[in-house]
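Model, not experiment: these values are computed from the prediction. Heavy-atom basis, side chains included; hydrogens, waters and symmetry copies ignored.
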Amino acid sequence: MGCCFSVQYSADDQTLIRIYNFLCGIINRNSPEVEEIPTHPTVGQEEMLEKAWNRLMEVGVGFMGLHGMGGVGKTTLFKKINNKFAENAGRFDIVIWVVVSQGAKMSKLQDDIAEKLHLCDEVWKNKNESEKATDIYKVLNGKRFVLMLDDIWEKVDLEAIGVPFPTRENGCKVAFTTRSRDVCGSMEDHEPMEVKCLEWNKAWELFQNKVGDKTLSPDIVEQAKKVAKKCCGLPLALNVIGETMSAKTTVQEWDDAVKVLTRSAAEFSNMGNKILPILKFSYDSLVDKHIQLCFLYCALFPEDYPISKKKLIDYWICEGFIGEDDQDIKDAINQGYVKLGTLIRANLVMEVNTYRVVMHDVVREMALWIASDLGKQRETFIVQARVGLSRIPKVKDWGAVRKMSLMNNDIEEITCTSKCSELTTLFLQNNRLENLSGEFIRSMQKLVVLDLSGNRTLNKLPEQISELASLQFLGLSSTNIEKLPVGFQELEKLTHLDLTNSRRLCSISGISKLSSLRILKLRDSNVDGDVSLLKELQLLEHLQVLTINICTELGLKQLSYDQRLANCTTALGIYGFQQKLFDISLLASMKNLSLLNVENSQVLEINTDIKCRESETNFSDLQNPTRPCFTNLSRVRISRCNGIKDLTWVLFAPNLVILSIEYSDDVEEIINKEKATTLTDIPPFQKLEFLYLKCLPKLESIYWSPLPFQVLGLIKVRDCPNLRKFPLNAASVPRLEKFVIEMYPREQKTELEWEDEDTKNRFLPSSFKLVTISLNLFCFSYFMFFSSLSFFHVRY
């Protein structure tokens with residue numbers, strides 16, 4: 001005979017939750033702990049999948065972020081991670097997948113999580129967010145869960161949603177994908193994993209899979225490779241364009257595809273509805289209108305072009321995107337770096353190195369598409385950079401043009417008489433200009449930025465340039481301009497004048513009448529900082545940045561003793577000094593000096609008895625020579641300076657990034673041990689990225705003991721026969737995969753001495769893998785900084 005009975009007892013909340021979870025487990029015992037998500041086969045993600053999975057499974061890792069540009073394959077990779085939990089059943093109680101997306105509301109996230117937890121019923125629908133959070137927390141607390149958040153655009157407040165915080169003790173995990181590295185930091189992952197575009201061999205494999213072997217006949221393969229290369233390894237583009245071309249079986253169709261993708265990729269089939277709109281979400285997430293303008297500006301440069309951060313920010317300031325008219329230029333530059341950092345962390349531009357960024361080709365096409373009002377107003381933003389033009393392109397409506405970039409072409413003259421009344425930006429750098437129409441210039445009354453740099457055949461400017469009442473930026477570097485035109489001083493709004501490397505410039509007399517000038521660049525021009533010029537520069541009351549050459553000790557003293565001009569000096573070239581003692585302490589007043597080039601000087605010794613002022617050091621002992629003075633100095637080049645035996649003084653430049661020493665017959669060592677031990681206890685070269693040593697016949701030592709070289713990327717040595725050992729050990733250069741040693745003659749590498757066998761095994765042969773490459777993008781980006789200083793003469 002059966003009976004039923006009841007037992008009354010008291011229990012705390014945790015006990016009740018355990019009972020609830022136990023009963024749920026009985027009811028749903030056949031329900032999987034993870035729902036597998038359908039996903040298509042991928043190419044080139046295997047290694048990244050393994051790395052991401054291993055990191056997520058590490059003990060103590062509670063948060064893991066995957067970041068990368070749109071269309072790079074983050075979600076596909078994330079799905080594979082999710083499905084991997086099904087292959088490793090039993091490690092977690094539940095795996096919850098939630099698609100967040102832009103603009104998602106907290107209540108929507110709670111509902112998605114609740115659905116996976118079987119909490120959704122009529123009662124749930126009537127609860128507020130706080131009550132829902134309590135219910136979610138009660139279920140998840142005590143469980144070992146994994147929360148997978150796909151496509152997040154801002155911090156997800158786990159506490160507000162009701163998700164317990166992952167800890168080492170509870171073993172829970174929160175993984176997420178995002179386009180923004182900033183979001184990774186806000187989600188507690190400070191070392192997120194970047195999902196990058198595919199290398200060429202994998203990109204080609206994926207493209208072949210999408211197009212199909214039947215279409216890729218032998219006569220089409222070469223054109224197909226050109227089309228695939230236009231995708232620059234972006235899986236989204238490879239998939240969409242590959243599928244679009246899968247039915248194109250004639251050479252003519254593939255020729256046309258190459259032409260369209262080269263001329264204006266936005267016009268290519270499916271580009272405007274399946275690729276660019278997806279990428280545009282990243283642009284839309286830039287909440288500040290000015291930073292959106294900064295982003296679009298990057299598209300004015302050619303494909304794959306390493307853009308100088310400093311010059312880009314100079315443009316932005318003159319365009320009015322950052323800074324105010326009366327703002328300190330250093331503050332404005334800092335704001336520029338903040339905006340640039342935001343674009344980098346949003347994966348909209350990519351950092352090449354400390355000084356340069358580059359834009360992915362497909363992202364660049366997206367920027368051009370947006371700038372032309374999604375393709376509706378193509379003539380407002382004309383970019384035909386590095387496309388082989390020999391004359392200015394035809395434009396239907398010049399009055400509609402706002403920005404035009406024709407840089408890096410072969411244009412010899414501009415005789416156009418059309419009126420460009422709305423044009424504000426004109427890039428003509430690196431052409432072959434000989435003649436610039438005065439009428440063309442006169443019509444551009446709203447022109448703010450005019451860059452003519454790199455036109456070696458340009459030796460004069462039309463006088464009409466003085467009529468450009470709105471002009472703020474004028475780039476004339478690396479031209480053959482002999483003099484500034486009559487009436488030049490009438491450019492009342494000109495704030496930035498770049499005359500760098502203008503080797504035929506005879507005079508800039510009258511420069512003091514440019515009342516608004518804030519930035520003046522004269523380094524490596526034919527105009528030297530003699531006493532008369534420095535007196536005129538003293539009259540420029542708004543001047544804040546000066547780059548200049550000095551050829552006499554009197555000129556150097558006058559510059560260094562004028563504190564305002566000294567503070568303005570950011571780059572200095574010292575040439576032809578013949579005195580026996582070059583006193584480096586004369587530069588100590590130049591607290592903003594970032595680049596120093598010393599060339600063709602007979603120097604017996606560089607005096608290291610530096611007396612730093614309080615403004616140049618963070619230390620209170622003003623007479624202590626062991627403290628760094630040149631805290632902003634990042635680039636140093638010494639060339640053809642016989643008599644110098646060492647450069648121990650560079651210890652006073654703790655932030656040195658690039659060091660180049662060449663054609664100096666008496667240099668025996670870079671850092672002298674005896675001098676160094678009396679000068680400073682600060683380890684040298686902590687931020688050094690590039691070391692270039694050339695034609696130093698007596699050089700035997702860089703440093704007497706191994707150094708960590710935390711960020712060193714390249715050591716390039718040429719014709720230094722007595723250099724037998726680098727200051728390296730097995731712990732040096734932690735990022736070995738990004739480190740290269742180039743030596744010439746190549747046989748010298750076999751004669752190198754190593755600290756020990758472990759050091760030798762670590763750096764040989766892997767670090768010499770690019771020894772046969774004379775100039776790649778990595779090296780090129782560094783050489784560009786000193787291109788006017790005879791490192792290399794390259795027309796890019």
So, do F488 and L497 sit near enough that their side-chain heavy atoms are less than 4.5 Å apart?
yes
According to salt bridge (Lys or Arg N to Asp or Glu O under 4.0 Å), does anything in residues 508-522 pair up with another residue at least two apart or in another chain? List the pairs.
D314-K521
Rounded at 0.5 Å granularity, tell me how far CD1 in I574 sits from CG in N600.
12.5 Å
Can you confirm whether more than 12 heavy atoms, excluding those of E482, are under 6.0 Å from its CD atom?
yes
Salt bridge flag under 4.0 Å for residues K446 and E422
yes
From S639 atom OG to Y692 atom OH, the distance as rounded to the nearest 0.5 Å
9.5 Å
If I take atom CG from residue L596 and atom CD1 from residue I638, how far apart are they, to the nearest 0.5 angstrom?
6.0 Å
All side-chain contact (heavy atoms from CB on, under 4.5 Å) counterparts of L293, not counting sequence neighbours:
H290, F321
Has the side chain of S502 got a donor or acceptor atom that lies under 3.5 Å from a matching backbone atom of L476?
yes
So, using ring pair (Phe, Tyr, Trp, His ring centres under 6.0 Å) as the criterion, who are the partners of Y663 when residues are at least two apart?
none
Salt bridge (charged side-chain N to carboxylate O under 4.0 Å, His left out) involving K535 - partner list, sequence neighbours excluded:
none
I'd like to know if the side chain of N431 and the backbone of L389 have a donor-acceptor N/O pair within less than 3.5 Å.
no
Any non-hydrogen side-chain atom of Q558 less than 4.5 Å from a side-chain atom of Q538?
yes
Assess R364 against Y305: is NZ or CZ under 6.0 Å from the centre of the six-membered ring, and within 45 degrees of the ring's axis?
no
Approximate separation, where rounding is to 0.5 Å, of L468 CG and I465 CD1:
6.0 Å
Start with the C-alpha gap between S477 and N501, add the side-chain angles, then the distance that decides, and say whether side-chain hydrogen bond (donor to acceptor under 3.5 Å, both in side chains) holds.
CA-CA 6 Å; S477 64; N501 201 32; over 6 Å; no
Would you call the rings of F473 and Y315 parallel, tilted or perpendicular, where under 30° means parallel and over 60° means perpendicular?
tilted
Starting from the C-alpha separation in whole Å, work towards a yes-or-no answer on side-chain contact (heavy atoms from CB on, under 4.5 Å) for T354 and V711.
CA-CA 10 Å; T354 303; V711 293; over 6 Å; no
Does any non-hydrogen side-chain atom of R523 lie less than 4.5 Å from one of N597?
no
E351 and K309 ion-paired at < 4.0 Å
yes
Qualifying residue for side-chain contact (heavy atoms from CB on, under 4.5 Å) with I519, from V545, L546, D498:
V545
Which residue pairs pass the side chain to side chain donor-acceptor pair (under 3.5 Å) test when at least one of the two sits in residues 457-475, sequence neighbours left out?
R442-E467
Between R718 and E742 (salt bridge meaning N to carboxylate O under 4.0 Å), is one present in this structure?
no
Where do Q563 and N567 land on the side-chain hydrogen bond (donor to acceptor under 3.5 Å, both in side chains) test, with the steps shown first?
CA-CA 6 Å; Q563 193 57 56; N567 288 344; 2.7 Å; yes
Minimum side-chain heavy-atom gap Y297-V449 below 4.5 Å:
yes
The reported gap from OG in S405 to CG in L428 (rounded to nearest 0.5 angstrom) is 8.5 Å
If the condition is salt bridge (charged side-chain N to carboxylate O under 4.0 Å, His left out), which residues does D666 pass it with, not counting sequence neighbours?
K698
